[in-house]
Amino acid sequence: MALIRNRKFLFSWMIGGAQGTGVDSSANVYAYAAASAGYYVYGKREYYSNIKGRHSYFSVVASDAPVNSIIDDVHLLASFDAETVFRHASEVVHGGGIIYDKDLVGERLKNIPTIETRLANEIRGELEKNGLGDTLMDVLKLAESRGVRLFPIPYIDLLKKVGEIIGQSQLSALMRMVNTMAVAASFAILNADLTHLYKGLSYSFRAKKKIVDMNIKACEVVYDYVKSNFSNDFPYSLPNLTGREEVMLISGTSIVGIAKLYAGCRFQTYYPITPAADECVYLEDKMTFNIDASSDLEYPSIAETKTIMDKGNIVVIQTEDEIAAINMAIGAALTGVRASTSTSGPGFSLMAEGLGWAGMNEVPVVVTHYQRGAPSTGLPTRHEQGDLLFSVFTGHGEFPRIVIASGDMIEAFYDTIKAFNYAEKYQVPVIHLLDKAIANSTQTLKLSDIKETIIERGELVGDSLSDEPYRRFKITETGISPRAPLGSRNHIYWNTGDEHDEYGHIDEDPVNRTRMMEKRMGKLRIIEEEVPDKDRVAIHGEESSENWILSWGSTKGAILDALEFLGNGYEFGFMQVKMLHPFPGKIVYNILKNAKRIIDIEQNYSGQAGRLLTMNTGIRPTNYILKYNGRPFSSTEIRDALIEVMKRDTKRIVMNRGG
Amino acid sequence: MATQQKLTMANFRSTANIDWCPGCGDFGILSAIQMALVDLQIEPHRVVIFSGIGCSGKLPHFINTYGIHTLHGRPLPFAIGAKLANPELTVIAVSGDGDGLGIGAGHFVNSGRRNVDITYIIHDNGVYGLTKGQASPTLRRGMRTKSLPKPNINEPVNPIALAIIAGYTFVARGYAFDTKHLKELIKKGIEHKGAAFIDVLQPCPTYNDIMTKEWYAGEDLIDSATGKPRPRIYKLEESGYDGEVKSEEEEEVISKINMAIAKSYEFGDRIPIGIFYRNPFTPTYEERITSNSPTYPQLPPAKQPIRSKSMEPITIIDDLIDEFRVK
């Protein structure tokens, strides 16, 4: 993939506030509005495992070229509570600005219990060092002394004014719009076109026209206030931009949901878990959908009557636990349906036994695994790539499985479809690794990136006319036996988690055992032979470089952006491993065998992909850039760390940025 | 099929070797299932039998229908997945008491809440046979079966009462050695639209030396008048008991539930078998899905085409993407 070298503009905006006060929706309004104005955007959401009250924030980067990550710098911080400013003021750059509630300047740091002691001490120390007290005003003064512009907004007064216009005197009802006002103030400061904001409101609030209209009034009032109270010379602006391709603004969980429907997944199970549940809720919302009835439909063999259809449906089951989720999906898959379950680490741990059963009985089932901070409950709403080795080795004993990982949302779309194709072609469980960063981010994706694809179902057989008993686990050259759905005529078979014979009956004979192990495990070799190299490893950057980056999953975006920011002085090849199991050892070896430096970049403690590299090729990474503080890499961090590796050959760099 | 010959027991026998202990109650349950399928004349390929782990887990291998021997405690999730993906299948699940009421108790309860149209049979013998006779969740406190070093210190679960409050809409108890009666229960369970649960009492001739065939036959309870044993097992339907819910009225439903639960505690010198409770009015899970997805009955997941003959996806996603399109 060619790096972008002609980016002209990159603007980073952040909004924060207490959970439950509309931080998310206002960020969506802003992101949509910026996209509507012609920009590419990337937005990162950070939140606590909490419903109401704890601090959440959203960073949105807008650019004239596609952007895949956040940067550390904040150009404009929009806030309507004190905590956001206390936490994030130091991230705002010289020349940037802070929008804050004028009435809150007397708030004291010590009175905000939701700021962790460690962070509060750090903020206090910085203030004391500068001879300041601990009020919000002190923080703002410090920022101002660094060249940050201040934009005090009298939210309450302005809300009262909005109330008069719309005939609402209850302040509590109006307060719900304070988040929108922070966005509108941003738009005013950035000299951006308010009509885009109105489109953003319609997008975010969907059908609720009354709410949209109220918010539009609030936008107008704050916009006028900013225009008449502050000079119009903020160094950053968001003028309308032309020439960008048509895009959608979407989150990872939604694009995966769409991909599942497109892939023909018709059975999904789940137990509620962050951050996977959003995908399932999306599917529950889209339980029926349109089918192209004009195409030459291929009906499943067990459909004795071919019902004419222009609507399809997906069954989505919320199960009692993840054990039921995986096993119910397997039960459905046995009927010939494309079935999957979506989960995160704790749920995936519970699925280990079921996964082994699917491996033993060669059932195509897809597990969409959104990794989050672990072990145990870990950091339930935060990011990590800590489950790679667990995914490769889940379960007792040895059975074939495929583990793939997507680098971004577009990859997640295609990988979802590939996951089902692999599962059916090779009759193995497929673990599709995603993570919180992909799940909860929002990004503009080019519509032209959604292209036609194919559904491959492998050796799926229908009713048999033969009287010869069906051998579900027939020994074949490839290890893949023709698969019949439950309910097929003359195809009766048995499944068991016990070792079994070709018919599926329990069989402990040692010779049979050896043959069956080899049949199943031999499929890994077929997978290696058949899956194209490009679907197993993606190469970015300079292939001729002797400096290589090894990574996998959602670090891709920050790495690509970092390589762009590093510019021509630094040349790296970037190897993104997409299929982690079976590991593409030969491909990787041939590229990395002559590398002088192999820098393993991952969001875990151990450098798990590096370990797989060594296990499969004997090659060891020379340097590590790791992060496991629960926040995804910014491109700034990766840029800085790569420079340090190149300058000082630091062996292990652990990054720790992000609030 | 027009030329379909009448199905007999032979059609439902598999070639697998049956390796249960001689005298095991499992044989009675196996025969009763096969006889029920013969009576109902359901073609073997339309039936799927799911099982868990333990002696009962082997049962599907001995029947010539689709047979899915799953994980310990998990036959219900597997069975429900298959049934909901293809509701035309006749789905039966079997468990041991440890399988269904111990390790699988969570699934047992939650499956009742769904009322999926399946039949669930628990082989209830009070012990974990295949691991050499440990106490199962139905063994009574204080009992010390042959291989227990000390008497059992756990209270037993009451499978009938638990099934009723969990939401099963057909709740019955059978006895493995009254095969004819059990067959009728299984037939009724299969015909019942909704989740049918049948608790089947069965001796474990190897490890349960208390609740033996002789114990069920009352050989320790000699009637002083006749000098003959007084069997513990008696049939509810012969005692005038009627657990059928007659109307949707809440009062009627609750009174039948209360009656059935009270009856389920009768266990000692008299042990009732038969239907404790049946409520034909609760909508099945399939009907509940249909209320959200009207095309579900005609086009359940297993019957939907998902691609064209040239392998292209046929799901139209333009409108789904359009919801996110930046305008």
Any heavy-atom pair between the side chains of [Y] and [X] that's under 4.5 Å?
X: B:Ile314; Y: A:Glu298; answer: no
X: A:Asn327; Y: B:Leu71; answer: yes
X: A:Met287; Y: B:Ser293; answer: yes
X: B:Tyr285; Y: A:Ile317; answer: yes
X: B:Arg74; Y: A:Ile323; answer: yes
X: B:Lys327; Y: A:His196; answer: no
X: B:Lys83; Y: A:Thr335; answer: no
X: A:Ile314; Y: B:Pro301; answer: no

Grab the two heavy atoms, one from [X] and one from [Y], that are nearest each other, plus how far apart they are.
X: B:Lys309; Y: A:Leu297; answer: CE-O, 3.6 Å
X: A:Glu246; Y: B:Val326; answer: OE2-O, 4.3 Å
X: A:Ile302; Y: B:Ala302; answer: CD1-CB, 3.7 Å
X: B:Thr70; Y: A:Trp357; answer: CA-NE1, 3.5 Å

Donor-acceptor contact present, side-chain B:Arg325 to main-chain A:Met248, <3.5 Å: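 Looks like no, no N/O pair under 3.5 Å.
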Would you confirm whether B:Thr315, through its side chain, and A:Leu261, through its main-chain N or O, come within 3.5 Å as a donor-acceptor pair?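 The answer is yes, because a donor-acceptor pair under 3.5 Å joins these two groups.
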Chain A heavy atoms under 4.5 Å from [X]: which part of the residue, side chain, backbone, both or neither?
X: B:Asp318; answer: neither
X: B:Thr295; answer: both
X: B:Lys58; answer: side chain
X: B:Ile68; answer: both
X: B:Ile289; answer: side chain

Interface moiety of [X] toward chain B, non-hydrogen atoms closer than 4.5 Å:
X: A:Arg457; value: both
X: A:Ile506; value: both
X: A:Tyr203; value: side chain
X: A:Phe289; value: side chain
X: A:Ala324; value: both
X: A:Leu334; value: side chain
X: A:Ile255; value: neither
X: A:Tyr470; value: neither
X: A:Asp501; value: neither
X: A:Lys311; value: both
X: A:Ala263; value: backbone
X: A:Phe420; value: neither
X: A:Asn361; value: neither

Among the options [options], pick out the one with the most heavy-atom pairs lying under 4.5 Å from chain B.
options: A:Gly264, A:Ala35, A:Ser294, A:Pro300; answer: A:Pro300
options: A:Asp292, A:Asp498, A:Asn313; answer: A:Asn313
options: A:Val247, A:Val337, A:Ile455; answer: A:Ile455

Would you say the side-chain atoms of B:Arg114 and A:Thr319 include a donor-acceptor pair closer than 3.5 Å? no
Can a donor-acceptor pair be found between the side chains of A:Glu284 and B:Asn292 at a distance below 3.5 Å? no
Derivation and outcome, salt bridge (Lys or Arg N to Asp or Glu O under 4.0 Å), residues A:Glu320 and B:Arg113: CA-CA 10 Å; A:Glu320 56 272 30; B:Arg113 294 173 53 216; over 6 Å; no
Do the ring centers of B:Tyr66 and A:Trp494 come within less than 6.0 Å of each other?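 So the answer is no for these two rings.
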To the nearest 0.5 Å, what is the distance between CZ (A:Phe267) and CG (B:Asn86)? 11.5 Å
